[in-house]
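Everything on this sheet refers to the single structure shown next.
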Amino acid sequence: MTALATDTAARRLGAITRQRRRVSLLALAGLALLAAAILVGICLGENVLSPGRALNALFLGTGDRGDVLLVGRFRTPRVLSAVIAGAGLAVAGAVLQRVARNPLASPDVVGITGGASLGATAAVALGLAAPLTPLAALGGGLCAATILGLLAWKGGISPTRLVLVGLAVQAGLTAAVNLFIVRFPAELASSALHWTTGSLYGRNWNETIVGAIATTAALAAVLALHRRAAVLDLGDDAAGALGVRPGPARLQLLAAAVVLASLAVALTGPVGFVALAVPHLVRRLAGPPTAGTLALNALAGALLLLTADLVAQHALPLDGLPVGVVTATLGAPFLLALLARQNRPDPRTDR
């Protein structure tokens, strides 16, 4: 019996070591790809710059004054906004899927992006200054999460109830957004519709810096709560026996995910697909959730959103295409494939 326990422990230790090595290799590859994508983002445009000119303009402020203005004021904030928002969306999706124990859970499903969109469209309708639109989006996302929590709470937060209530909240908020847009004057409707599609156009340093600071704090909170999430994975009874109250712990994780998703939507608009797809891809490549895979989710989300924005800007023959159109185009077949996989019978249980 002792030999069997020792052999089991050795196998688990070997599996953990292999997963850590795999996560490290994936992280190194992802960092290299992300650095390359950032360089491409600051080099490409109507005025194409060589990597040397772009890096000199960005870090040294030397060279042509037009290059310094172009790279520093326009391209770099957009690139960094994509990185920040992508990381936040991916981690928010990973946390929501883990807490809800549902592979279809994401900010798009449970109403967070709908609330953020409603906040932004309301800001446009009221004629608020453009810099206040992201703040209104953040407030809308937090309000939607509060409504979701109040409706889903019934002596605790049930994963199934959370998703079902979230679908209803998202549907209602989407209808409210559409009503706002229909009632707008034409010029306001066009602006609101462009924003609610998900766009990185016009990002500035103030928005980017505030988003970076707030998102970093929220990511740190998620990492700090990782141990509680790991205990919750064992089930509510086991979590209670280990001293973790399932309801408050689940609520803390949900709050962190809501803040992350709301910050991302406030920065870029309601970009779809990233929060849904990235956790699945990371889980398939890196294995079960750990602190390392959370960091890998952030890296993969940043890379995916930045790459999608580069495709929208430079690889398609349409000018001014919002990045949300590209991610939605990718997300539709992915969602169908995921649904088909969920409906497929498990051969291990079909006996």
Set of residues satisfying side chain to side chain contact (heavy atoms under 4.5 Å, CB included) with respect to [X], sequence neighbours excluded:
| X | value |
| --- | --- |
| R22 | Q19, L26 |
| A37 | L303, L306, L310 |
| L31 | L299 |
| D67 | N47, L49, R53, A57, D64 |

Practice task
Rounded to the nearest 0.5 Å, what's the gap from CD1 on I112 to CG on L142? Could you check?
Solution key: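 Reported value, rounded in 0.5 Å steps: 9.0 Å.
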
Practice task
Kindly compute the distance separating CG (N297) from CG (L281), expressed to the nearest 0.5 Å.
Solution key: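 N297 CG to L281 CG: 9.0 Å, rounded to 0.5 Å.
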
Practice task
Grab the two heavy atoms, one from T113 and one from Q170, that are nearest each other, plus how far apart they are.
Solution key: OG1-NE2, 3.7 Å

Problem - Within residues 75-88 or reaching into it, pairs that qualify as side chain to side chain donor-acceptor pair (under 3.5 Å) - sequence neighbours excluded - result: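 For residues 75-88, and leaving out neighbouring residues, the side chain to side chain donor-acceptor pair (under 3.5 Å) pairs sorted by first residue read R78-D309, S81-T208.
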
Practice task
State whether the side chain of T327 and the backbone N or O of G272 hold a donor-acceptor pair below 3.5 Å, judged by distance alone.
Solution key: yes

Handout entry: T215 side chain vs A212 backbone, donor-acceptor pair below 3.5 Å
Key = no

Practice task
Indicate yes or no: at least one non-hydrogen side-chain atom of L254 is less than 4.5 angstrom from one of L148.
Solution key: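 Side chain of L254 against side chain of L148, heavy atoms only: no contact under 4.5 Å found.
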
Handout entry: Residues clustered with W205, ILVMFWY side-chain links under 4.5 angstrom
Key =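 For the cluster that includes W205, the remaining residues are L80, I209, I213.
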
